Peer 1: 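The following block contains the structure, expressed as structure tokens.
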There are 2 protein chains.
Amino acid sequence: MPTTELTATITDAEWRVMRIVWTLGQADSHTIIDLLVRQHDWKPATIKTLIGRLVKKGALGTTKDGRQYIYHPLVAEQAAMDTALTTELSQMCAMCRGKSFVHAIDETELSQDDIQTLISHLQKKLTTAPTAVSCDCLPADYEGSC
Amino acid sequence: MPTTELTATITDAEWRVMRIVWTLGQADSHTIIDLLVRQHDWKPATIKTLIGRLVKKGALGTTKDGRQYIYHPLVAEQAAMDTALTTELSQMCAMCRGKSFVHAIDETELSQDDIQTLISHLQKKLTTAPTAVSCDCLPADYEGSC
DNA sequence: ACCTATCGTTTACAGTTGTAAACTCAGTTT
DNA sequence: AAACTGAGTTTACAACTGTAAACGATAGGT
């Protein structure tokens with residue numbers, strides 16, 4: 001059960017590797033390489049490098065299995081996704097985040113259950129929501145701060 | 001009115017510069033540097049570099065004003081945010097995106113208006129939503145594909 | 001007309017990322 | 001036992017990023 005808190009970030013290319021291992025639960029390098037060679041134009045050597053980096057940064061753990069390793073995630077997928085998304089959002093203007101959510105939700109396929117969960121969370125949130133969220137792009141004390 | 005479609009991406013550090021210019025509408029380098037030196041521990045030279053890179057990659061435009069330049073955005077803030085967010089999402093497992101939205105929305109301060117817009121978009125979306133969204137982390141033809 | 005304060009440009013440099021070949025070592029095959 | 005094969009490790013290398021100093025030109029003051 002992966003729950004480690006990661007210091008280093010998982011890069012875009014590494015993310016592809018993690019998705020394989022997350023989905024399979026665990027996998028040997030042959031499996032990972034085989035699947036990724038089919039999805040991308042990557043050479044096996046490239047994937048080996050990515051696996052190595054993920055092990056080094058603590059995102060993947062290993063178990064010896066005879067001559068080779070079985071890799072398994074040391075971070076939970078949902079947690080990694082949540083962190084990535086909120087990190088991305090945190091660097092954007094607070095005032096504009098709502099509109100970006102609208103755009104993202106319009107563009108994303110969501111299940112009925114997810115939509116219902118979102119609606120109920122939003123309805124609850126509405127009861128304590130501010131009338132407006134102000135822009136936080138300038139220092140608080142700036143004269144014309146939005 | 002900025003509407004250019006950007007090929008290059010805006011990096012994290014550059015994003016800070018853009019937010020200043022987006023918010024002010026336009027600004028000379030003195031203003032940008034002044035504000036960012038206060039927000040971060042950056043040296044003026046660092047900010048000059050970032051401005052230069054943003055101009056080169058077409059995110060900022062310039063107008064000569066005597067000896068100096070006035071910088072203005074060539075890309076719209078909301079569009080840049082929307083792109084950044086959907087790009088981030090597109091690299092994550094389709095099945096898990098809904099849960100990440102829930103988490104992100106829980107963590108983000110939203111205005112009443114934004115929440116209401118989100119709810120109404122979601123309600124509309126619900127009418128055509130699938131029962132479930134399946135994992136897209138493995139090649140479609142993979143034996144145990146989720 | 002000369003000096004100086006700027007503003008923008010050039011150069012710098014280490015760390016990260018994408019991409020991949022080369023190498024090493026331990027089992028497996030003949 | 002010698003050769004081979006495949007897994008993991010090392011090395012490579014260019015582009016991109018974060019961070020910043022140095023430099024060159026030019027508008028303004030004296």
Side-chain angles (χ1 to χ4, degrees), chain A residues 6-21 24 26-72 74 80 84 87-88 91, chain B residues 6-21 26-72 74 80 84 87-88 90-91:
Chain A
L6 210 51
T7 52
T9 49
I10 295 170
T11 71
D12 288 1
E14 288 164 1
W15 200 268
R16 306 303 307 198
V17 177
M18 290 305 294
R19 285 178 65 180
I20 299 289
V21 186
L24 297 179
Q26 60 170 53
D28 58 24
S29 67
H30 174 268
T31 306
I32 299 172
I33 289 171
D34 197 47
L35 289 172
L36 285 174
V37 163
R38 285 202 279 164
Q39 288 183 358
H40 306 282
D41 296 323
W42 290 345
K43 302 283 173 294
T46 303
I47 302 162
K48 287 186 189 181
T49 300
L50 295 172
I51 293 174
R53 287 179 184 169
L54 284 166
V55 171
K56 181 180 302 177
K57 65 173 65 167
L60 287 180
T62 59
T63 321
K64 198 91 188 176
D65 171 44
R67 69 222 151 278
Q68 63 177 40
Y69 286 139
I70 305 288
Y71 299 95
H72 56 92
L74 290 179
T87 300
E88 184 76 26
Q91 107 182 310
Chain B
L6 212 49
T7 53
T9 48
I10 295 169
T11 71
D12 288 1
E14 288 164 1
W15 200 268
R16 306 302 309 196
V17 176
M18 290 305 293
R19 285 178 66 180
I20 299 289
V21 186
Q26 60 170 55
D28 57 26
S29 67
H30 174 267
T31 306
I32 299 172
I33 289 172
D34 197 47
L35 290 172
L36 285 174
V37 163
R38 285 201 278 164
Q39 287 184 357
H40 307 279
D41 295 324
W42 291 345
K43 301 284 175 296
T46 302
I47 303 162
K48 287 186 191 182
T49 300
L50 295 173
I51 293 174
R53 287 180 184 168
L54 285 166
V55 171
K56 182 182 301 179
K57 66 174 64 167
L60 288 180
T62 58
T63 321
K64 200 91 188 178
D65 171 46
R67 69 220 150 278
Q68 63 177 39
Y69 286 139
I70 306 289
Y71 299 95
H72 57 91
L74 290 179
T87 299
E88 184 77 26
S90 70
Q91 107 181 311

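Quick note on labels: first sequence line is chain A, next is B, and so on, each numbered from 1. In this text the structure is predicted, and so the values were computed from the model without any measurement.
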Peer 1: Parallel, tilted or perpendicular, judged at 30° and 60°: which one describes the rings of W42(B) and H40(B)?
Peer 2: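 Rings of W42(B) and H40(B): parallel, under 30°.
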
Peer 1: Taking only N/O atoms, report every protein-nucleotides 8-12 of chain C pair under 3.5 Å with atom names and distance.
Peer 2:
| residue | atom | partner | partner atom | Å |
| --- | --- | --- | --- | --- |
| dG8(C) | OP1 | Y69(B) | N | 2.9 |
| dG8(C) | OP1 | Y71(B) | OH | 3.4 |
| dG8(C) | OP2 | S29(B) | OG | 2.4 |
| dG8(C) | N7 | K48(B) | NZ | 3.2 |
| dG8(C) | O6 | K48(B) | NZ | 3.1 |

Peer 1: Nearest heavy-atom pair of M18(A) and A59(A): which atoms, and what distance?
Peer 2: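 Smallest heavy-atom distance, with atoms named: CE-O, 3.5 Å.
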
Peer 1: Within this structure, what is the CH2-to-C1' distance between W15(A) and dT17(C), rounded to whole angstrom?
Peer 2: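 Atom CH2 in W15(A) sits about 16 Å away from atom C1' in dT17(C).
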
Peer 1: Rounded to the nearest Å, what distance is computed from the CG atom of residue D65(B) to the C1' atom of nucleotide dT6(C)?
Peer 2: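 Going from CG in D65(B) over to C1' in dT6(C) covers 14 Å.
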
Peer 1: Output the distance between atom CD (Q91(A)) and atom CZ (R16(B)), rounded to the nearest 0.5 Å.
Peer 2: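 If we round to the nearest 0.5 Å, Q91(A):CD and R16(B):CZ are 8.0 Å apart.
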
Peer 1: Below the 4.0 Å mark, does dT19(C) have OP1 or OP2 next to a side-chain nitrogen or oxygen of W42(A)?
Peer 2: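 For dT19(C), OP1/OP2 do have a side-chain N/O of W42(A) under 4.0 Å.
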
Peer 1: Given atom CG of L50(A) and atom P of dG8(D), what is their separation to the nearest angstrom?
Peer 2: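 To the nearest whole Å, that distance equals 14 Å.
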
Peer 1: Which pair of heavy atoms, one from L74(A) and one from G61(A), lies closest together, and at what distance?
Peer 2: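 So the minimum-distance heavy-atom pair works out to CG-N, 3.4 Å.
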
Peer 1: Rounded to whole angstroms, how far apart are CD1 on I47(A) and P on dT9(D)?
Peer 2: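 Rounded to whole Å, this separation is 16 Å.
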
Peer 1: So, OP1 or OP2 of dT19(C): does either fall under 4.0 Å of a side-chain N or O from T46(A)?
Peer 2: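 So the side chain of T46(A) is outside the cut-off, no N or O lying under 4.0 Å from OP1 or OP2 of dT19(C).
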
Peer 1: Select one nucleotide: of dT19(C), dG18(C), dT17(D), the one nearest the side-chain heavy atoms of T9(B).
Peer 2: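 In terms of side-chain proximity for T9(B), the closest of dT19(C), dG18(C), dT17(D) is dT17(D).
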
Peer 1: Nearest whole angstrom, please: distance from the P of dT16(C) to the NZ of K57(A).
Peer 2: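 For the pair K57(A) NZ and dT16(C) P, the rounded distance is 9 Å.
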
Peer 1: Within the 4.5 Å heavy-atom criterion, are D28(A) and D65(A) side-chain neighbours or not?
Peer 2: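 Sidechains of D65(A) and D28(A): no contact.
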
Peer 1: What integer distance in Å separates K56(A):NZ from dT16(C):P?
Peer 2: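 Spelled out: NZ on K56(A) to P on dT16(C) is 10 Å.
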
Peer 1: Looking only at the side chains, is there a donor atom on one of T31(B) and D34(B) sitting less than 3.5 Å from an acceptor on the other?
Peer 2: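 There is no such pair (donor and acceptor under 3.5 Å, judged by atom type) between the side chains of T31(B) and D34(B).
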
Peer 1: Let me know the distance between CD of Q39(A) and P of dT19(C), rounded to the nearest Å.
Peer 2: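 My rounded result for the distance is 14 Å.
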
Peer 1: What is the distance from CD1 of I51(A) to P of dG6(D), rounded to the nearest Å?
Peer 2: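 Those two atoms, CD1 and P, are 16 Å apart.
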
Peer 1: Return the 5'-most residue of the pair I10(A), D41(A) with respect to DNA chain C, ranking by each residue's nearest nucleotide.
Peer 2: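 Its nearest nucleotide being more 5', the pick is I10(A).
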
Peer 1: Does dG18(D) have its OP1 or OP2 closer than 4.0 Å to a side-chain nitrogen or oxygen of T11(B)?
Peer 2: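 Yes, T11(B) has a side-chain N/O under 4.0 Å of OP1/OP2 on dG18(D).
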
Peer 1: Are the side chains of L60(A) and H72(A) in contact, using a 4.5 Å heavy-atom criterion?
Peer 2: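 Answer no - side chains too far apart.
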
